[in-house]
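Only heavy atoms go into these numbers, but all of them, side chains included; no hydrogens, no water, no symmetry mates. Note that the structure is a prediction, hence the values are computed from the model and not measured.
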Amino acid sequence: MPGWPELEGAVLDVAPRLLGAVLRHDDVAVRLTEVEAYDGPDDPGSHAFNGRTPRNSVMFGPPGFLYVYFTYGMHHCCNVVVGAEGRPSAVLVRAGEVVDGLDTARARRGSTDRDLARGPARLCQALGIDRTHDGADLSRGSLTLTLPAEPATDVRTGPRVGLRQAADRAWRFWVDGEPTVSTYRPAVARPRRR
DNA sequence: ATGCTGATGGCCT
DNA sequence: GGCCATCAGCATG
């Protein structure tokens, strides 16, 4: 397995071990403080729940690659593919602290430093990640993931954000006390616009 | 602090 | 046609 045996375990085991990892794209680097687990065929909240499609095909590949999707007509979110090849599990990268490339990140976002990567779409914007990075190999190239030497302490869990499906599963993981962790908002049905 | 709303387009049935 | 793994901006307490 090329390079990523540490990402091949069950998604619920691997997800909290991504806390404290550093995701880097060229000069900008983010230390992860909040993630969510998605477990393919058994998870109604997963993009892969209904099988393989052109959009989600990276999720079915080997671990250590990036799955990037576009949503709400204007936002990108990124996931680290984990688990064995063929099982579409992934960890949504929800928030972190910019630890390198502050000037670039500020120019891309134009927000306070605390909000540079606070939320999955903000994090992608700060890092300059979009669909062209779908399928990127995180073990080499301009987009890399570095796992922490020691697992994070003070890890908390709770329900995932923004989901209407399987909202009861406490599959969100964050580092307690981190100011970059996004505040929890339960998903609410909004009336359709005309 | 919490709450609502418009923006905006790909994706899937 | 309906649904989003969202965010910024503005409102109110």
Looking at A:Tyr72 and B:dA7, is any side-chain donor or acceptor paired with a base atom of the opposite kind under 3.5 Å?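 Flag unset: no donor-acceptor pair detected.
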Does anything in residues 47-58 of chain A reach DNA chain C, meaning a heavy atom under 4.0 Å, and if so which residues?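 Within residues 47-58 of chain A, the residues near DNA chain C are A:His47.
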Its dot-bracket string being built from Watson-Crick and G-U pairs below 3.5 Å, with | for another strand and [ ] for crossing, DNA chain B has the pattern |||||||.||||.
Which part of the nucleic acid does A:Gly45 contact within heavy-atom distance under 4.0 Å: base, sugar-phosphate only, or nothing? base
[atom1] of [X] versus [atom2] of [N]: gap in Å, rounded?
| X | N | atom1 | atom2 | answer |
| --- | --- | --- | --- | --- |
| A:Arg114 | C:dC7 | CZ | C1' | 15 Å |
| A:Asn79 | C:dA5 | CG | P | 11 Å |
| A:Asp130 | B:dG9 | CG | C1' | 15 Å |
| A:His75 | C:dA8 | NE2 | P | 7 Å |
| A:Tyr67 | B:dG10 | OH | C1' | 11 Å |
| A:Met74 | B:dT5 | CE | C1' | 12 Å |

Does C:dA5 have its OP1 or OP2 closer than 4.0 Å to a side-chain nitrogen or oxygen of A:Arg172?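 No, A:Arg172 has no side-chain N/O under 4.0 Å of OP1/OP2 on C:dA5.
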Any side-chain N or O of A:Arg131 under 4.0 Å from OP1/OP2 of B:dC11?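 True: A:Arg131 side-chain N/O within range (under 4.0 Å) of B:dC11 OP1/OP2.
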When the aromatic ring centroids of A:Phe70 and A:His75 are compared, is their separation below 6.0 Å? no
So, is the end of the A:Arg160 side chain (NZ or CZ) under 6.0 Å from the ring centre of A:Tyr38 and within 45° of the ring's axis? yes
Can you name the side chain to side chain contact (heavy atoms under 4.5 Å, CB included) partners of A:Asp42, sequence neighbours left out? A:Asp39, A:Arg87
Any donor-acceptor N/O pair, A:His25 side chain to A:Leu127 backbone, under 3.5 Å: yes
Which nucleotide wins on minimum distance to the side chain of A:Phe70, given the candidates C:dT6, B:dC11, B:dG9? B:dG9
Using the side-chain heavy atoms of A:Tyr38, tell me which of these nucleotides is nearest: C:dT6, C:dA8, C:dA5.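 The listed nucleotide nearest to A:Tyr38's side chain is C:dA5.
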Basic-acidic side-chain contact under 4.0 Å: A:Asp115, A:Arg109: no
